[in-house]
Amino acid sequence: MTEKELFNLLNDMSFKEKIGQLNQLAGSFFSTKERNIVTGPLAKDGLLSKNKYLTGSVLGIKGAEDLIKIQKDFIENHPHKIPMLFMADVINGFETIFPVPLAQSCSFNPDLIKKAARITAIESAVSGLHVTFSPMVDLVRDARWGRVMESTGEDTYLNSIYAKAMVEGYQGGELKDEGSIAACVKHFAGYGAPTAGREYNNVELSTRTLYEDYMPAYKAAIDSDCAMVMTSFNTIDRVPVTANKDLLRTYLRKTLNFSGVVISDWQAIEELIYHTIAQDGKEAAELAIQSGVDIDMMSGLYLENLETLLEKNLITMDLIDESVMNILQLKNRLGLFENPFKDANILKEKEIVFCKEHNDLAKELTIKSIVLLKNEKNILPIIDKSKNIALIGPYIDSKETHGAWSIFADKNTNISILEGFKNLNPENDYEYSKGCEILDKDVALKGFEGEIEINKNDPNNLCNAVKLAEKSDIVIMAIGEHRLQSGEAASRVHITVPKIQEELFNEIYKVNKNIIVILFNGRPLELENINSKAKSILEVWLPGTQGGNAIANIVFGKESPSGKLTMSFPRSVGQCPIFYNEFSTGRPHVPNKDKDRFRSKYIDSSNSPLFPFGYGLTYSTCKLGDISIDKDTISLFDQLTSKITIKNIGNFKIEETVQLYIKDCSGSVVRPGRELKGFKKVYIEPGEEAIVEFIVKEDMLRFIRHDNTFGSESGWFVIYIGLNSVETKEIRFYLSK
Ligand code: BGC
């Protein structure tokens, strides 16, 4: 449609039709399918079902056959035949499930992540979807929060790169194109910093921290033409974002120039009442629409109240028209007026969804997401075929290996470790003993599909596992969090491997010291005990469909691990929030000064994380040379070139990620200890070396200065280059003005 035709349509719509566009319902109102996904509380069924045929969009259903039927029926009943938008949380894959986003981010490979997003879009589109509620670009620093699993970690620069990659992957060239879906960046803004890591808790961030650390990733998504923005549940400056005019109207619409659709999170408009800023539903609806929220997801308060608000002149028709127009424009960008079914195609869906090509990419990304945390005496990879290997632990034969947000996954298609090992080494007969269940029966967890079943823990399991460990050369133990222990509404104060599994680990350790731990989890965990005993720890996160195959490739040395952590692993939960780019203090802790009491430190733990940001081993060892720079002073708009040599002095061909950090030694406000400013991949054969070059430009040194302007300040800077954020080479340069 032309812009003019869209305006004509808008002018011809009744008030009720307009309000309908602003309303989003769960798929359960339309589909009779048993497996409907409801990702939040359901209320007001009566009101919502009555208005079903005026709805603008639906969330949480999929499937070409179903969605074509629903759309056809809907259009026939809609006065202006305006098609609905079908949206869903397709977070780390549709049916081909990739590792959870936190794992993906450890690949330091935005190209691969973009390809994964493209595959997700292709599968979603052919199954009838138009919009995904992704990417989630919330910066995270506190592993207690369950949703760290959905994020790409603690670094602003990296989050921004990934935000762009994912939006470009989902949206392709034009939203109308085959295989493209609209992206919805979330949760705007600051949702990743709930106080004490407790889900849905309020957020207290200084304005400078919000805009300098948290905002850039949302901005990167919007600069990449992201079609939608979802508001977050939390407050910013004590105002819930869903009613925060400063953030939505001024910053988002004006400063960031966002012209797409703003949607509330699930029932967030109603939650303005419980946040104690609206006295009732009417006021909540008024605050949200005034703040610029176009779509009300599942609270029904726009349906219920906008008419009265208009009659009482509390809102204007222009305000409503503006929101309706945003939605019509998105439908138009997707080409729905010409083809309301877009790519939905029953035959192609069978061919494309979960095809081999998609699985191959999933395997590749999974391999790149795996992080080797420890590898004493090179116990990994296992090359020697004569070794007697015991496979122990509840994750060896488990298919519960997809993240909590893989809502359309068919877990039966997940490749377990046992299957992966047999696929790679069909001639081997592995001895396996479960040892225990993932959780003990006193833990109750609920996912989007309902309550999970916890099998009864049989004490014989433990005995059998110990017997097996006793007679084996090496024990591979696959243990970790249950997949529903991370994700939405999964905050934890004990970020540990479930007790029953840690007990199993301790018992096995008593009889066999050659333990390789394969760790499943959605968040950094406290690993002091496991780390002090296991010979090796392979962090595989929640790896998705191809988990077992990818793990087998790494364990048996077909490839070296190459992932690097994007969230620091604390030694103890008491250190949270913990992140690499923290500020110094007036009394900084100096290593080896532990006896010096009056320092910024703990008296019962080191300040440092157990595993820092950017950390991850390979099967080889590299030696870095010294950094050289072509000049030691630069001026405004100027740049310098830094170089470093990296030599593979081990025996394995590897992929390494060389990381560039910069520190500003004296700013008008305090500056982080170091900040990631670039990274490069190198692929080096044993004995060979590579020269890595980083250009350092003046614009990389800019920040929000004390007077709130954005720019650099003259003075000394330090360049750090290394293979993680801590062990680095360094050199200084001067920025003159
Ligand atoms: C989550 C969002 C999600 C929405 C729709 C909410 O509970 O916070 O991230 O997109 O539900 O499922």
Side-chain angles (χ1 to χ4, degrees), residues 23-29 31 35-43 48 55-62 85-94 100-102 120 124 129-140 145-152 163 166 170 181-194 198-203 217-218 221 226-235 240-242 261-271 274-275 293-300 403-409 446-449 484 486-491 522:
N23 188 44
Q24 175 162 95
L25 288 183
S28 47
F29 288 91
S31 173
R35 204 166 159 251
N36 269 312
I37 306 293
V38 175
T39 60
L42 267 178
L48 295 175
T55 294
S57 55
V58 170
L59 84 156
I61 38 173
K62 60 132 191 180
L85 283 164
F86 294 125
M87 311 193 183
D89 293 276
V90 200
I91 308 300
N92 47 294
F94 180 76
V100 292
L102 186 61
T120 300
S124 305
L129 292 175
H130 309 136
V131 178
T132 175
F133 294 131
S134 173
M136 172 179 133
V137 304
D138 303 320
L139 187 99
V140 292
W145 192 47
R147 297 193 87 165
V148 303
M149 160 218 117
E150 276 176 74
S151 79
T152 49
M166 288 194 227
Y170 291 135
I181 56 174
C184 174
V185 61
K186 68 188 187 186
H187 305 83
F188 187 81
Y191 183 42
R198 199 183 74 218
E199 183 63 300
Y200 312 129
N201 207 357
N202 297 313
V203 166
Y218 307 108
C226 187
M228 289 183 62
V229 169
M230 185 184 292
T231 66
S232 52
F233 287 124
N234 57 279
T235 54
V241 177
T242 308
V261 173
V262 175
I263 187 167
S264 79
D265 203 342
W266 185 290
Q267 239 182 63
I269 299 185
E270 182 172 329
E271 290 171 16
Y274 319 126
H275 269 295
V293 177
D294 301 316
I295 300 182
D296 169 5
M297 185 198 290
M298 284 305 295
S299 88
W405 271 111
S406 316
I407 60 175
F408 300 132
K446 213 175 159 185
F448 298 126
E449 314 90 356
L484 296 180
S486 60
E488 184 171 352
S491 293

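Nothing fancy with the numbering, it's 1 onward along the sequence. Whatever order the structure lists ligands and atoms in, that order sets their numbers, starting from 1.
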### Query
Would you say E488 and ligand 1 have an N/O pair spaced under 3.5 Å apart?
yes
### Query
Does V262 offer a backbone N or O that forms a donor-acceptor pair with the side chain of D294 under 3.5 Å?
yes
### Close approach of E150 to ligand 1, heavy atoms, under 4.0 angstrom
no
### Query
What atoms in ligand 1 come closer than 4.0 Å to a heavy atom of F133?
10 (O)
### Message
Which heavy atom of T242 sits nearest to which heavy atom of S232, and what is that distance?
### Response
OG1-O, 3.5 Å
### Query
Where the side chain of S264 meets the backbone of D296, is there a donor-acceptor pair that is under 3.5 Å apart?
no
### Message
Please list, in number order, the atoms of ligand 1 under 4.0 Å from a heavy atom of L59.
### Response
5 (C), 12 (O)
### Task
Provide the number and element of each atom of ligand 1 under 4.0 Å from a heavy atom of H187.
2 (C), 8 (O), 9 (O)
### Query
Judged by atom type as modelled, is there a donor-acceptor pair below 3.5 Å linking the side chain of S491 to the main-chain atoms of E199?
yes
#### Entry: Within-cut-off N or O pair, K186 and ligand 1, under 3.5 Å
yes
### Query
Contact between M136 and ligand 1, counting heavy atoms under 4.0 Å?
no
### Task
Using a strict cut-off of 4.0 Å, indicate which atoms of ligand 1 neighbour a heavy atom of D89.
3 (C), 5 (C), 10 (O), 12 (O)
### Query
Is R147 touching ligand 1 with its side chain, its backbone, both, or neither, if touching means heavy atoms under 4.0 Å apart?
side chain
### Donor-acceptor pair, side chain of T235 and main chain of N202, under 3.5 angstrom
no
### Task
Keeping the roles fixed (side chain from Y218, backbone from G190), state whether a donor-acceptor pair exists under 3.5 Å.
yes
### Task
On the 0 to 90° scale, with breaks at 30° and 60°, tag the F233-Y191 ring pair as parallel, tilted or perpendicular.
perpendicular
### Summary
Quick note on ligand 1: atoms under 4.0 Å from a heavy atom of D265 include exactly 1 (C), 2 (C), 3 (C), 4 (C), 6 (C), 7 (O), 8 (O), 11 (O)
